[in-house]
Student: 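This is the structure I have questions about; it appears just below.
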Amino acid sequence: MPFDDTKGLQIAIEEAITGRDEGGVPIGGCLVDEDGKVLGRGHNMRIQKGSATLHGEISTLENAGRLKGNVYKSCTMYTTLSPCDMCTGAIIMYGIKRVVMGENDTFVGGEDYLRQRGVEVINMDNQQCKDLMAQFIKEKPEEWNEDIGTE
């Protein structure tokens, strides 16, 4: 039985809430293999760790640890927001074949490029993900603009 995308996104949302509660950008993710095993989960930690690169998807990959290359090729990356160009690159580099995002109203990342490279991209259009980002952007617009590289 295939892994439930709603369950995978819920794990990513839990991570996003953890990031928000830590004072960071509320974007979370999780990496799930074809058997439904969660290999890693994480959240954006740029603010918390003073990092230039620790987006939600990158944190998820970091927390998954070193995996054999063929493992990624059967995985799904769940993320609360459309992956930026950096995270898109990591998804492509590791050969992750499927991305399920919470929403792309707030930000549209490399979705078209992912599709061009053969990655299945699914948008769950999740209101909770939209609300988390809307609240964060309203409260911390400078941090949001820094996170996406516009300021």
Student: Show me the side-chain donor-acceptor pairs of residues 21-30 shorter than 3.5 Å, one per line, residues at least two apart or across chains.
Tutor:
residue	atom	partner	partner atom	Å
Glu22	OE1	His43	NE2	2.9
Glu22	OE1	Gln48	NE2	2.9

Student: Please give me the minimum heavy-atom distance between Gly102 and Asn123, naming the atom from each residue.
Tutor: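 Nearest pair, atom of Gly102 first, then Asn123: O-OD1, 3.6 Å.
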Student: Of all residues at least two apart in sequence or in a different chain, which pass the salt bridge (charged side-chain N to carboxylate O under 4.0 Å, His left out) check with Asp131?
Tutor: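 In terms of salt bridge (charged side-chain N to carboxylate O under 4.0 Å, His left out), with neighbours along the sequence ignored, Asp131 is linked to no residue.
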Student: What's the spacing between Cys75 SG and Arg98 CZ if we round to 0.5 Å?
Tutor: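 Cys75 atom SG to Arg98 atom CZ measures 11.5 Å (nearest 0.5 Å).
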Student: Which atom pair, heavy atoms only, marks the closest approach of Thr6 to Asp4?
Tutor: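 Here Thr6 and Asp4 meet closest at N-OD1, 2.9 Å.
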Student: Under a single-linkage definition using a 4.5 Å side-chain heavy-atom cutoff for Ile, Leu, Val, Met, Phe, Trp and Tyr, are Ile91 and Val71 assigned to the same hydrophobic cluster?
Tutor: yes
Student: So, taking the atom named CG in Asn104 and the one named CG in Asn126, what distance separates them when rounded to the nearest 0.5 Å?
Tutor: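 The CG atom of Asn126 is 12.0 Å from CG of Asn104, to the nearest 0.5 Å.
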Student: How long is the gap from CG on Asp105 to CG on Leu81, to the nearest 0.5 Å?
Tutor: 10.0 Å
Student: In the structure I gave you, are the side-chain heavy atoms of Met93 and Tyr72 within less than 4.5 Å of one another anywhere?
Tutor: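 They are not in contact (no side-chain heavy atoms under 4.5 Å apart), so the answer is no.
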Student: Quick one: does any side-chain atom of Thr60 pair with a main-chain N or O of Gly42 as donor and acceptor, under 3.5 Å?
Tutor: yes
Student: Residues two or more places apart in sequence or in another chain: which of them pass salt bridge (charged side-chain N to carboxylate O under 4.0 Å, His left out) with Asp85?
Tutor: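 Salt bridge (charged side-chain N to carboxylate O under 4.0 Å, His left out) list for Asp85, sorted by chain: empty.
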Student: For the hydrophobic clusters of this structure (ILVMFWY residues joined by side-chain heavy atoms under 4.5 Å, transitively), does one cluster hold both Ile47 and Ile137?
Tutor: yes
Student: How long is the span from the CE atom in Met101 to the CD atom in Glu111, to the nearest 0.5 Å?
Tutor: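 Result: 3.5 Å between the selected atoms.
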Student: Short question: side chain of Thr18, backbone of Glu14 - any donor-acceptor pair under 3.5 Å?
Tutor: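 Flag set: sc Thr18 to bb Glu14 pair under 3.5 Å.
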Student: Considering only heavy atoms from C-beta outward, does the side chain of Ile96 approach that of Leu61 to under 4.5 Å?
Tutor: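 Yes, close enough: below the 4.5 Å cut-off.
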Student: Any link between Ile92 and Met86 through a network of hydrophobic side chains (Ile, Leu, Val, Met, Phe, Trp, Tyr) touching at under 4.5 Å?
Tutor: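 Different hydrophobic clusters.
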Student: Rounded to the nearest 0.5 Å, how far does CG of Asp35 lie from OG of Ser74?
Tutor: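 Nearest 0.5 Å value for the OG-CG distance: 7.5 Å.
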Student: Counting only heavy atoms not in Lys7 (residues, nucleotides, ligands), do more than 12 fall under 6.0 Å from its NZ?
Tutor: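 Atom NZ in Lys7 is not crowded, with 12 or fewer foreign heavy atoms closer than 6.0 Å.
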Student: If you define the side chain from C-beta out and look only at heavy atoms, does anything of Leu31 sit under 4.5 Å from Leu67?
Tutor: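 They are in side-chain contact.
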Student: Do Leu9 and Gln128 touch side chain to side chain, with heavy atoms closer than 4.5 Å?
Tutor: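 No, every pair of side-chain atoms sits at 4.5 Å or beyond.
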Student: Hydrophobic clusters here meaning ILVMFWY residues chained together by side-chain heavy-atom distances under 4.5 Å, can you tell me if Ile58 and Met45 are in one?
Tutor: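 Yes, it is one cluster - the side chains of Ile58 and Met45 are joined through contacts under 4.5 Å.
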Student: When you measure from the side chain of Thr88 to the backbone of Pro83, do you find a donor-acceptor pair of N or O atoms at a distance under 3.5 Å?
Tutor: yes
Student: Could you check if a side-chain atom of His55 sits within less than 4.5 angstrom of a side-chain atom of Arg46, using non-hydrogen atoms only?
Tutor: yes
Student: Quick check on the hydrophobic clustering: are Ile17 and Tyr78 connected, directly or via other members, by side-chain heavy-atom contacts under 4.5 Å?
Tutor: yes
Student: Around atom OH of Tyr94, are there more than 12 heavy atoms from other residues, nucleotides or ligands closer than 6.0 Å?
Tutor: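 Atom OH in Tyr94 is not crowded, with 12 or fewer foreign heavy atoms closer than 6.0 Å.
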Student: Report, as yes or no, whether the 6.0 Å neighbourhood of atom CZ on Arg115 holds more than 12 heavy atoms from other residues, nucleotides or ligands.
Tutor: yes
Student: For the backbone of Arg41 and the side chain of Asn63, can you confirm whether one donor and one acceptor N or O come within less than 3.5 Å of each other?
Tutor: yes
Student: Between Asp33 and Gly36 (side chain of the first, backbone of the second, donor and acceptor by atom type, cut-off under 3.5 Å), is there such a pair?
Tutor: yes
Student: Could you give the distance from CD (Glu57) to OG1 (Thr80), rounded to the nearest 0.5 Å?
Tutor: 7.5 Å
Student: Between Ile122 and Thr76, is there a side-chain heavy-atom distance shorter than 4.5 Å?
Tutor: no
